[in-house]
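These values consider heavy atoms only, across backbone and side chains, with no hydrogens, waters or symmetry-generated copies.
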Amino acid sequence: MAAFAAIACSYRHAPASQPAAVSAEDITVLYDNDVHCSVDGYAHMAALKAEKASHGPVALVSAGDYLQGGSLGAASKGQWIVDIMNATGYDAVTLGNHEFDYSVPRMQELMDALSATTVCCNLIDLRAGKRMYAPYAILELGGRKIAFLGVATPYSFNSSTPTYFQDEEGNYVYSLCTDTFYDTIQNHVDDARNQGADMVIAVVHLGYGPDGRDPINATEMICRTEGIDAVIDGHTHTTVPSEKVYDRAGKPVHYTQTGSHFENLGVMTIGADGSISTELIPTKDVREDARVKAVIDSVKSEYAKRSERKVGSSEVTMHAVDDKGEWLVRNAEQAIGDFCADAFRAVLGTEIAMLGGGSIRNDIKEGEVTWGDLFSVHPFGSVGCIAELKGSLILDVLEMGVSSWPANFGGFLQVSGLTYSFDPSVDSPVVFDENKSFVRIDPEPRRIREVKVLDKSTGKYEPLDPERSYTVGSTDYLLRESGDGYSLLKNVGTNQSIEDAGILEKYLEEQLGGTVPSSLYGKSADRIKILR
């Protein structure tokens, strides 16, 4: 990982604001982030926009991750989400890492179809030698020019699919300006000012610095730049109604993020005197716009035709997220992880299966299981893949999987046919590059301990042999496309003719007789042990 010197950012939570009366000279900026296909919220946002527009000028923006994260997005490869957003009336959007999930060409098609202006100052096509989207959009609102500057996280390459950004030789053909990140942003802030912008609002998908996920984040961006008046952020799903972070010139910059999945609607008010205030309104407290709701209902009806086919039942609820919406499968073994990994091992006929927790996107509820339920667990359309891996490489892969623990990591591996333990008191020896891709493992000590593989002939687990090769089942995302930074697995596997959700269906119907038994999946199977 490229080193970035820590800067002591100064934060101050702004006092909770009450919904302010809007004067005729006030400007309202409505915003969301990390909707992840929670489409019902768009009808509420449209109603709020209409209400605010009756009092003065309004702009509507999104800080990214709208195209993926739910079955409505995946089933249409993003088109239904674009249709709904167009009906809602967005003015500007930036790119979240999940906008890239259907491939860069598909993202470009969807952005072309979106009526809003796509803004992203740091996405470069290296082959063409130019920026792919406008760095900012200047909107004239209430007689003032407001620049909306877009920024995507430089870690998009590995939180989406790395091979989407590479040529056939593995060379990156796109850049997110990682090495010149803060200079790139400053240059475009200055340019927007030179173009007459009275204010600069950064609409970014970088994440809240104190959450500690990524060294390059939105609050660090504020500390290293100047000239930004406010930041509307996403990526970490953090709920920040209003906070002030001081830029490098000592000026307070307003920072806000709505949470995720349309829990809240963001409202920024720019006063006639240039003052800025922000508040979050619970989405459920806002009425729905009938016109946009009709578009949403039409999309849901079309999806239902595809998804309501019953494929079986489950005696137990298997959780991918907790009741607060936090991921469970990204730093610990879960029953649903066991179920999915078992499905891959059984259907692909391998000795071992490994799946990143980030590929498991929803719970399976007790009761009837439909095709839509399975598709919501694996909505990406990844293809089953088989590889022969030497035991020593499997050890490296497992080490990579626990490198971020206890932080959530999409590459934390749920497993089948294999057990392991790890010691989190040991610093991870995994070294990454600036794109968060695997580079090497430094010498001992390692976190991984006691790796054992199931012997089918005896039904017992035996120590993994570093010199022996084992058949491993997973997705093409992990075994061919370097997903989640697993560059050590690039192109090691052979694709099979079945997609991930189909693997779950085949396992449920043919191996489990149509019923997920509580005896197997009522709790996790203790395949992964954390040494305390």
Side-chain angles (χ1 to χ4, degrees), residues 2 4 31-36 61-69 78 81 85 90 92-108 110-112 114 116-126 128 130-137 147-162 164-166 172-189 192 200-209 213-222 224-225 228 231-238 255 257 260 410 434-437 485:
F4 292 91
Y31 55 95
D32 67 54
N33 61 272
D34 299 278
V35 169
H36 288 297
V61 302
S62 176
D65 275 9
Y66 33 84
L67 293 179
Q68 180 58 284
I81 306 303
M85 291 181 72
Y90 281 76
V93 301
T94 197
L95 301 173
N97 51 295
H98 288 295
E99 267 60 78
F100 299 96
D101 281 354
Y102 307 116
S103 78
V104 174
R106 178 58 176 167
M107 179 199 73
Q108 292 175 288
L110 294 168
M111 294 302 102
D112 287 345
L114 194 62
T117 301
T118 301
V119 290
C120 186
C121 73
N122 64 316
L123 177 61
I124 310 295
D125 185 333
L126 296 175
K130 65 180 182 180
R131 189 167 290 99
M132 293 178 64
Y133 294 101
Y136 55 82
F148 294 93
L149 174 76
V151 186
T153 173
Y155 307 117
S156 294
F157 289 164
N158 285 303
S159 52
S160 184
T161 302
Y164 288 170
F165 305 93
Q166 301 168 349
Y172 280 94
V173 294
Y174 300 97
S175 168
L176 283 163
C177 300
T178 307
D179 293 337
T180 59
F181 187 77
Y182 300 112
D183 287 341
T184 297
I185 293 167
Q186 186 64 63
N187 289 340
H188 289 294
V189 171
V200 176
I201 310 297
V203 184
V204 307
H205 197 83
L206 296 174
Y208 184 60
R213 177 188 296 184
D214 294 326
I216 298 178
N217 56 65
T219 43
E220 190 77 2
M221 176 195 74
I222 295 171
R224 291 176 178 266
T225 60
I228 297 172
V231 172
I232 295 169
D233 191 20
H235 194 44
T236 47
H237 297 195
T238 316
Y255 175 93
Q257 192 177 159
S260 66
E434 69 276 6
N435 293 317
K436 298 180 79 171
S437 279

Going by the rule side-chain hydrogen bond (donor to acceptor under 3.5 Å, both in side chains), which residues pair with N122 if we only count those two or more places apart in sequence or in a different chain? none
With a 4.5 Å cut-off on side-chain heavy atoms, are N97 and Y155 touching? no
Would you say that M107 contacts Y102 through its side chain, given a criterion of any heavy-atom pair below 4.5 Å between the two side chains? no
With the side chain counted from C-beta on, respond yes when L176 and L123 share a heavy-atom pair under 4.5 Å apart, and no when they do not. yes
State the NZ-OG1 distance between K436 and T178, to the nearest 0.5 angstrom. 11.0 Å
How far apart are the closest heavy atoms of G207 and H235, and which atoms are they? N-CB, 3.8 Å
Got a sec, which residues hit side-chain hydrogen bond (donor to acceptor under 3.5 Å, both in side chains) with Y174, two or more places apart in sequence or on another chain? R127
If you measure from CG on D32 to OH on Y90, what distance do you get to the nearest 0.5 Å? 3.5 Å
Donor-acceptor pair, distance only, cut-off 3.5 Å: does the side chain of E99 make one with the backbone of L67? yes
Just say parallel, tilted or perpendicular for the rings of F157 and Y172, cut-offs at 30° and 60°. parallel
With the side chain counted from C-beta on, respond yes when P154 and L206 share a heavy-atom pair under 4.5 Å apart, and no when they do not. yes
Using the salt bridge (charged side-chain N to carboxylate O under 4.0 Å, His left out) criterion, which residues pair with R131? Sequence neighbours excluded. none
Minimum heavy-atom distance F165-S156, with the two atoms named: CE1-O, 4.1 Å
Apply the side chain to side chain donor-acceptor pair (under 3.5 Å) test between H205 and each candidate in D65, T94, T153; give the one that qualifies. D65
Would a 4.5 Å heavy-atom cut-off, applied to side chains only, mark V151 and F181 as touching? yes
Going from CD on E434 to CG on D179, what distance comes out if it is rounded to the nearest 0.5 angstrom? 5.5 Å
Which pair of heavy atoms, one from D214 and one from N217, lies closest together, and at what distance? O-ND2, 2.9 Å
Considering all heavy atoms, the nearest A92-A116 contact: N-CB, 3.9 Å
Compute whether any side-chain donor of one residue and acceptor of the other, for D233 and Y208, lie under 3.5 angstrom apart. no
Measure the shortest side-chain to side-chain distance between L149 and V189 over non-hydrogen atoms and say whether it is less than 4.5 angstrom. yes
Is the backbone N or O of T238 less than 3.5 Å from a side-chain atom of Q257, with the two atoms forming a donor-acceptor pair by type? yes
Grab the two heavy atoms, one from S175 and one from L126, that are nearest each other, plus how far apart they are. CB-CD2, 3.8 Å
Residues that S437 engages under side-chain hydrogen bond (donor to acceptor under 3.5 Å, both in side chains), provided they are two or more places apart: N158
Salt bridge (charged side-chain N to carboxylate O under 4.0 Å, His left out) filter on D183, not counting sequence neighbours, yields none
Drop me the distance from I228's CD1 to Q186's CD, to the nearest 0.5 angstrom. 7.0 Å
side-chain hydrogen bond (donor to acceptor under 3.5 Å, both in side chains) with N33: which residues, sequence neighbours excluded? T258
Value rounded to 0.5 Å, distance of OH in Y133 from CG in L95: 6.5 Å
Atom pair OH/CE of Y182 and M221 - distance to nearest 0.5 Å: 9.0 Å
Where is the tightest heavy-atom contact between Q108 and M132, given as atom of each residue plus distance? NE2-CE, 3.4 Å
